[in-house]
Peer 1: 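Before we start, here is the structure in question, set down as structure tokens.
Nothing here was measured: the structure is a model prediction, and the numbers come from that model. These values consider heavy atoms only, across backbone and side chains, with no hydrogens, waters or symmetry-generated copies.
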Amino acid sequence: MQLSEMYKSEYKPICDYVCDTEEMAQKSDKKTPELEAVMNEFAKKARELRDIIENGSTDDAKEALIEVEQAADSAKLFAENSKDLDKDLTSQIKTAHDRVSAFKHAKLH
């Protein structure tokens, strides 16, 4: 995978959205250790990929992108199966997942 300025400009808003979602989860009245763990992992993986893209490292970018999507899948699954989360947070988690997934499919397929 060749990294470019386009990758950087496309991915940064996605990473920012994931991090904003993590912050929203942290502030939620319905925060649980499970929610915290799944969102921390999602945001951590998103930031790791951002750092790889910003530093131009192509060797690890593909694997990191797959890991971000796996973390996104876990977060989405948690949100869908958690009856206690408010609708706004559930929607934001799903949107974060969808943005990561769309980015991955655009870049790896």
Side-chain angles (χ1 to χ4, degrees):
M1 178 182 348
Q2 233 179 8
L3 302 179
S4 67
E5 288 302 315
M6 184 173 67
Y7 275 68
K8 293 175 189 177
S9 65
E10 287 178 23
Y11 185 70
K12 185 180 181 327
I14 295 169
C15 184
D16 291 346
Y17 192 87
V18 172
C19 293
D20 290 347
T21 304
E22 177 192 29
E23 186 176 322
M24 185 179 185
Q26 292 290 336
K27 294 177 180 178
S28 173
D29 295 342
K30 308 289 185 174
K31 182 175 78 171
T32 64
E34 294 83 7
L35 173 63
E36 190 171 7
V38 76
M39 287 309 304
N40 285 348
E41 183 68 10
F42 187 9
K44 175 183 162 197
K45 294 295 183 183
R47 286 188 295 268
E48 287 173 359
L49 177 57
R50 180 201 59 210
D51 293 345
I52 289 169
I53 290 172
E54 287 178 356
N55 293 319
S57 173
T58 58
D59 294 339
D60 299 324
K62 182 177 179 180
E63 182 178 336
L65 182 49
I66 291 167
E67 288 178 5
V68 173
E69 188 180 41
Q70 289 170 342
D73 290 344
S74 295
K76 181 181 176 188
L77 185 63
F78 178 85
E80 290 174 338
N81 290 307
S82 179
K83 297 182 186 348
D84 293 333
L85 288 183
D86 65 41
K87 289 181 184 179
D88 289 341
L89 179 55
T90 298
S91 176
Q92 187 146 340
I93 291 170
K94 288 179 180 180
T95 300
H97 166 274
D98 293 349
R99 289 181 178 188
V100 167
S101 184
F103 182 80
K104 180 196 162 233
H105 289 286
K107 301 307 176 198
L108 297 183
H109 295 236

Peer 1: Determine the minimum heavy-atom distance between Ala96 and Val18, stating which atoms define it.
Peer 2: CB-CG2, 4.1 Å

Peer 1: Write out all pairs satisfying salt bridge (charged side-chain N to carboxylate O under 4.0 Å, His left out) with one or both partners inside residues 84-102, taking only residues at least two apart or from two chains.
Peer 2: none

Peer 1: Pairs in or reaching into residues 16-30: which pass salt bridge (charged side-chain N to carboxylate O under 4.0 Å, His left out), with residues at least two apart or in two chains?
Peer 2: Lys12-Asp16, Glu22-Arg47, Glu23-Lys27

Peer 1: Thr32: what forms a side-chain hydrogen bond (donor to acceptor under 3.5 Å, both in side chains) with it, not counting sequence neighbours?
Peer 2: Glu34

Peer 1: Donor-acceptor pair, Thr21 side chain versus Tyr17 backbone, under 3.5 Å?
Peer 2: yes

Peer 1: Can you list the residues that meet the side chain to side chain contact (heavy atoms under 4.5 Å, CB included) rule with Ala72, with sequence neighbours excluded?
Peer 2: Phe42, His97, Val100

Peer 1: Quick one: do Ile66 and Ile53 end up in the same hydrophobic cluster if we chain Ile, Leu, Val, Met, Phe, Trp and Tyr together by side-chain heavy atoms under 4.5 Å apart?
Peer 2: yes

Peer 1: With rounding to the nearest 0.5 angstrom, report the NZ to CD1 distance, Lys76 to Ile93.
Peer 2: 11.5 Å

Peer 1: Distance from Cys19 atom SG to Lys44 atom NZ, nearest 0.5 Å?
Peer 2: 13.0 Å

Peer 1: Out of curiosity, Leu85 CG to Ser91 OG, how far, rounded to the nearest 0.5 Å?
Peer 2: 11.5 Å

Peer 1: Tell me which pairs pass salt bridge (charged side-chain N to carboxylate O under 4.0 Å, His left out) where either residue lies in residues 65-75, with sequence neighbours left out.
Peer 2: Lys45-Glu67, Glu69-Lys104

Peer 1: For Tyr11 and Ala46, indicate whether the former's side chain and the latter's backbone hold a donor-acceptor pair under 3.5 Å.
Peer 2: yes

Peer 1: Without swapping roles, check the side chain of Ser28 against the backbone of Met24 for a donor-acceptor pair under 3.5 Å.
Peer 2: no

Peer 1: So, using side-chain hydrogen bond (donor to acceptor under 3.5 Å, both in side chains) as the criterion, who are the partners of Gln26 when residues are at least two apart?
Peer 2: Asn40

Peer 1: Could you grab the distance from atom NZ of Lys62 to atom CD1 of Ile52, nearest 0.5 Å is fine?
Peer 2: 14.0 Å

Peer 1: For Ala61 versus Leu49, what's the shortest heavy-atom pair and its separation?
Peer 2: O-CD1, 3.8 Å

Peer 1: Listed by chain and number, what are the salt bridge (Lys or Arg N to Asp or Glu O under 4.0 Å) partners of Lys31, not counting sequence neighbours?
Peer 2: none

